[in-house]
Number of protein chains: 2
Amino acid sequence: MAACEMKGFLSFLVLWLVSREKMSGAEIALELKKRKGSKPSPGTIYPVLKYLKDKGLVQIDSNKRYSLTKKGGKELDAHIKTFFETFCDLDEMKECCRK
Amino acid sequence: MAACEMKGFLSFLVLWLVSREKMSGAEIALELKKRKGSKPSPGTIYPVLKYLKDKGLVQIDSNKRYSLTKKGGKELDAHIKTFFETFCDLDEMKECCRK
DNA sequence: TTTCCAATATCGGATATACGATATATGCTG
DNA sequence: CAGCATATATCGTATATCCGATATTGGAAA
């Protein structure tokens, strides 16, 4: 238990990425690889996209590119707010990182 | 599945809090309540502390106050690094939050 | 010392999250 | 069109994460 793998932010990250520009599933996976180092498997990324779509947070166009819906925008805003409240001392954390 | 509850950063946060000052389990729980809004239950916080202690990342003094070990410091540094790489555009995110 | 309350600890189980394997669709190239 | 590679999708499962309920401990106050 409690292996400190820092799971749990995939949906949040996907919402964030898609809010910035339309992206396909493959593009999202690539961007996540850039950031986290490991590329999420298809079995990881597509279920998340389906979940977000079913929940009405993202929409998919004819080219299979995902973008944020209005509802998704509100949800993302709320998540970002929580995120920055939870990590309210990011500056200090970043400072610590440079040592 | 994939309910976007943003779980998974509890161990990380605990390491971070404890790295700044010695804290008891109760104090840690209180600080988490301040940040996240909800107070983690005893069944949440103490197993995490035990796990971190068993793994040699934190130590506990005679007053049951936790602090970071040397090993824990290295682990925390690595996590912080990963964290900032994953969320490499925090400025933009924060900006978005203010709108 | 005894009582009481809060902090600490532990256990079982519920849910979230992610992955591997596999199947299907899509589009490109010959 | 046929063949192939890649993207997409789905299913079952493994693990991480967390919580509720329930002990247990430890210290303060009567």
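The figures here come from the full heavy-atom set of this structure, side chains too, leaving out hydrogens, waters and symmetry mates.
Of the candidate nucleotides dG20(C), dA9(C), dG20(D), dG20(C) has the atom nearest to the side chain of Ser41(A). Comparing dC19(C), dT10(C), dG20(D) against the side chain of Thr44(A) picks out dC19(C) as the nearest.
Atom-to-atom, OH of Tyr51(B) to P of dT15(D) comes out at 14 Å; the value is rounded to the nearest Å. We find that CD1 of Ile45(A) is positioned 10 Å from P of dT8(D), with the value rounded to whole Å. Straight-line distance from the CZ atom of Arg65(A) to the C1' atom of dG27(C): 15 Å, rounded to whole Å. Remark: C1' of dT8(C) and CD of Glu27(B) are 13 Å apart, rounded to the nearest angstrom. The distance between atom CG of Leu32(A) and atom C1' of dC19(C), rounded to the nearest whole Å, is 14 Å. One can place CG of Leu52(B) at 11 Å from P of dC18(D), the figure rounded to the nearest angstrom. Residue Lys7(A) contributes atom NZ, which lies 9 Å from atom C1' of dA16(C) at whole-angstrom precision. Look at CZ on Phe9(A): it is 10 Å from P on dT17(C), rounded to the nearest Å.
Mapping Ser62(A) and Lys50(B) onto DNA chain C by nearest heavy atom places Lys50(B) at the nucleotide closer to the 5' end.
Using a cut-off of 4.0 Å between Lys/Arg side-chain N and Asp/Glu carboxylate O, Lys55(B) and Glu75(B) are scored as salt-bridged. No salt bridge links Glu21(B) with Arg65(B); every basic N to acidic carboxylate O contact stays at or beyond 4.0 Å. A salt bridge links Arg20(A) with Glu92(B): the closest approach of a Lys/Arg side-chain nitrogen to an acidic carboxylate oxygen falls below 4.0 angstrom.
Among the protein residues, Leu10(B) comes within range of the sugar-phosphate backbone only, with heavy atoms under 4.0 Å from sugar or phosphate atoms but none that close to a base. Residue-level contact check: Gly43(B) touches the bases, meaning some heavy atom is under 4.0 Å from a base atom. Residue contacts shown for Phe12(B) are absent, as no nucleic acid heavy atom lies under 4.0 Å away.
Of all non-hydrogen atoms in Pro42(B) and Pro47(B), the two that sit nearest each other are O-CD, 3.5 Å.
Residues satisfying the side chain to side chain contact (heavy atoms under 4.5 Å, CB included) test with Asp54(A), not counting sequence neighbours, are Lys50(A). With sequence neighbours left out, the side chain to side chain contact (heavy atoms under 4.5 Å, CB included) criterion links Phe12(B) to Met6(A), Phe87(A), Met93(A), Phe9(B), Leu76(B), His79(B), Ile80(B), Phe83(B). In this structure, Lys53(B) has no side chain to side chain donor-acceptor pair (under 3.5 Å) partners at least two apart in sequence or on a different chain. Shown here are the side chain to side chain contact (heavy atoms under 4.5 Å, CB included) partners of Glu31(B), two or more places apart in sequence or in another chain: Leu17(B), Met23(B), Lys34(B), Arg35(B).
Summary of helix geometry: the two end axes of the helix from dT1(C)-dA30(D) to dG30(C)-dC1(D), each defined by five base pairs via their C1' atoms, are inclined to each other by 20° (rounded to 10°).
Residues Ile28(B) and Ile45(B) are in side-chain contact: their nearest non-hydrogen atoms beyond the backbone lie under 4.5 Å apart.
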Collect all protein-nucleotide pairs involving nucleotides 4-7 of chain D in which both atoms are nitrogen or oxygen and the distance is under 3.5 Å.
none

